[in-house]
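The first residue in the sequence is number 1, and the count goes up from there.
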Amino acid sequence: MLTSASKEAGIPILCCPYGYSGMEDLETDLANKIKTGRSFHIDAPGGDIIRTQYSHWIKKGQNEGHLMFRPEIILAWEGVGASVARPWNVYGSEADIFLAPSEQYAEHVVHEGFAADRVRVAGSVNGDVIWHGLKMDDNVRAAFRIPRKINENSTKVLLAMPPSYHPTRGEFTEFPASYLELVKGLVQFRGSGVELTVSVHPSTAPDDKAVFSQLNIPVIWGNVIPNIPRHDILISDFSSVIRWATACGKPVVNYDFYNFNLAAYEDLPGVLTMRKHQEYEDLIKRLVQDDQFYRETASAQIEFAERWGVIDGRFIDRLMQYVDDME
C-alpha cells in the first residue's frame, strides 16, 4: 500500500532487501497450504471478478488456479489502488532502484525477474554490522576470510535454528515426534573441544523457545548476523544467513532436516548439504577434528566470499548517495 501511494505521489522508491528467497519458496509455501487446507482458489466467491479484471493474481503452472490471498482481500487491495504487479514473483517490487547486498544477489534477483537496469550492488546494513564487529575483536578479525579457526584448541559452532515446521513438515524429519527431539538430535555432537551456540529464530513459538533452556544450550535471542564471524562453522537448514557465512568465509553445514530440497546454495562448494542425520554427525565430527578438511572447506567459502557479501562498512554512504541522486 505504501508503494502504491508513493508511486501515485511520484516519490522515488529504493528497495534494500533483507532475506534471500526465490520462486521455489512460494511454490513450497503454496504446497504446504494446499496440504493443510489453508489455500485459496479462484473458484471461491469473488474469484470471477479477479479472473476478468485482476488475472495476474492467479497462479499459473504448478497448482494453477490458486490465489495468494482470499479473493475479498485481493479485491479490497485493488479497490484502494494497492495493487501488486507480480504477486507470484518474490522480487515483484515496484522499486525504482534495487540495492543488492552483493554481486551474487544482484544476479539472483535479475534471474527471478527483476529489471536488470534497476539493480545496483551497494552492500547492506548487515555487511556494515559485520564490518564494525570485526574492528572490536582481534581474534575474530584474524579469522575473517582466512582458512583457520578463531581459537587453536576449540571449534566455535553456531546453529541457526528455524522455528518449528513440525505441523507441516514433521513427517520429513528423522525426528518426527517433536521439535524438542529434533533439537536434541541436532546438538548431540556437543563434547570436548566444541563450543556450541544456538541462534533462535524470532518467530519461534514460546513453548518451543523453552526447549533450549531445558537442554541447557547457550542461546542468542537477538540478531544472528554479528555472531556469524565469531564462530568457525554455521549449521543451518537453508537459512538466508548462509550467504553471510559465505561472505565471512565460514564453512556451512546445511542439514536439510525438514527436506525443503532447495537449490539456492548448490553452487557453493563450502556449503555442505546433506539430508541424513548420520551424514550430518559425520560431517560435524570431521570439521571439528580434521584441521586440513576444515581449512579446505573454509578456503572454498573464501573463494566466493566477496561475491556473496560486500563487507566494507560503506553501505550507508552508498545508500545516501543513491538517495541524493534520486532527488
Side-chain angles (χ1 to χ4, degrees), residues 19-40 62-63 66 68 90 155 157-191 194-221 224 231 233-243 245 251-266 268 271-288:
Y20 185 89
S21 300
M23 284 180 278
E24 58 187 352
D25 295 295
L26 294 182
E27 296 282 2
T28 299
D29 181 65
L30 177 57
N32 285 335
K33 288 178 177 177
I34 293 172
K35 179 180 177 181
T36 57
R38 298 179 295 116
S39 62
F40 311 106
Q62 185 178 358
N63 294 316
H66 279 84
M68 191 166 289
V90 172
T155 303
V157 180
L158 177 61
L159 168 58
M161 191 65 197
S164 176
Y165 285 89
H166 267 65
T168 56
R169 303 194 68 80
E171 66 187 275
F172 297 111
T173 79
E174 293 184 69
F175 303 92
S178 67
Y179 188 70
L180 170 62
E181 293 305 313
L182 171 62
V183 175
K184 282 183 179 179
L186 290 174
V187 304
Q188 66 186 15
F189 67 85
R190 287 186 294 174
V194 175
E195 298 179 45
L196 172 68
T197 303
V198 177
S199 173
V200 181
H201 196 279
S203 65
T204 301
D207 288 347
D208 292 328
K209 287 180 179 179
V211 164
F212 302 98
S213 57
Q214 180 178 341
L215 297 175
N216 194 28
I217 302 171
V219 167
I220 297 168
W221 297 108
V224 64
H231 291 80
I233 299 168
L234 174 72
I235 301 172
S236 168
D237 184 1
F238 283 103
S239 169
S240 63
V241 300
I242 287 177
R243 58 199 171 98
V252 175
V253 175
N254 185 32
Y255 178 17
D256 190 13
F257 45 81
Y258 275 126
N259 194 27
F260 291 116
N261 198 28
L262 303 175
Y265 306 106
E266 63 182 6
L268 284 172
V271 176
L272 308 175
T273 300
M274 75 291 304
R275 293 176 174 83
K276 296 296 182 181
H277 188 76
Q278 190 58 55
E279 294 176 359
Y280 164 75
E281 290 276 347
D282 292 344
L283 179 58
I284 290 289
K285 181 178 179 180
R286 189 177 179 193
L287 284 168
V288 169

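The two residues R275 and L262 have their closest heavy-atom pair at NH2-O, 4.2 Å. Nearest heavy-atom pair, L30 versus S39, reported as atom, atom and distance to 0.1 Å: CD1-CB, 4.4 Å. Considering all non-hydrogen atoms of both residues, A245 and V252 come closest at CB-CG2, 3.6 Å. When all heavy atoms of K35 and T168 are compared, the pair lying nearest together is NZ-O, 3.6 Å.
With rounding to the nearest 0.5 Å, the separation of OH in Y255 from CD in E279 is 9.0 Å. With values rounded to the nearest 0.5 angstrom, L182 atom CG is found 8.0 Å from S164 atom OG. Atom OG1 of T197 is separated from atom CZ of F212 by 12.0 Å, given to the nearest 0.5 angstrom. For the atom pair OG1 (T173) and CG (N259), the distance works out to 10.0 Å, reported to the nearest 0.5 Å. Q214 contributes atom CD, which lies 5.0 Å from atom CG of L180 (distance to the nearest 0.5 angstrom). Within the model, atoms CD1 of I220 and CG of L158 stand 5.0 Å from one another, a figure rounded to the nearest 0.5 Å.
Checked by atom type and distance alone, the side chain of S239 never pairs as donor or acceptor with a backbone atom of I242 at under 3.5 Å. For T28 (side chain) and E24 (main-chain N/O), a donor-acceptor pair under 3.5 Å exists by modelled atom type. Side chain of R169 to backbone of H166: no donor-acceptor contact under 3.5 angstrom is found. Put simply, the side chain of H201 gets close to the backbone of S203: a donor and an acceptor are under 3.5 Å apart. Not one N or O on the side chain of D237 forms a donor-acceptor pair closer than 3.5 Å with the backbone of P162.
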*asked:* Show, in sequence, the C-alpha distance, side-chain angles and deciding distance for N32 and R38, and conclude whether the side chain to side chain donor-acceptor pair (under 3.5 Å) test is met.
replied: CA-CA 8 Å; N32 285 335; R38 298 179 295 116; over 6 Å; no
*Using the side-chain contact (heavy atoms from CB on, under 4.5 Å) rule, take F189 and E281 through it: C-alpha gap first, then chi angles, then the decisive distance, then the call.*
CA-CA 7 Å; F189 67 85; E281 290 276 347; 3.9 Å; yes
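A salt bridge links D29 and K33; the closest N-O separation between the charged side-chain nitrogens and carboxylate oxygens is under 4.0 Å.
Side-chain rings of F172 and Y258 stay apart, their centers remaining 6.0 Å or farther from each other.
Between F40 and M68 the shortest side-chain heavy-atom distance does not fall below 4.5 Å. Side-chain contact between K184 and V211 is absent, with no heavy-atom pair separated by less than 4.5 Å. When side chains are defined from C-beta on, L186 does not count as touching V198, because their heavy atoms never get closer than 4.5 Å.
Each of L196, I284, V157 was checked for a side-chain contact (heavy atoms from CB on, under 4.5 Å) with R190, and the lone residue meeting it is L196. With V253 as the partner, the side-chain contact (heavy atoms from CB on, under 4.5 Å) test is satisfied by one option alone out of L283, T273, L159, L272: L283.
Below 30°, between 30° and 60°, or above 60°: for Y265 and Y20 the angle between ring planes is below 30°, a parallel geometry. Ring orientation note: the planes of H277 and Y280 are tilted relative to one another, at an angle of 30° to 60°.
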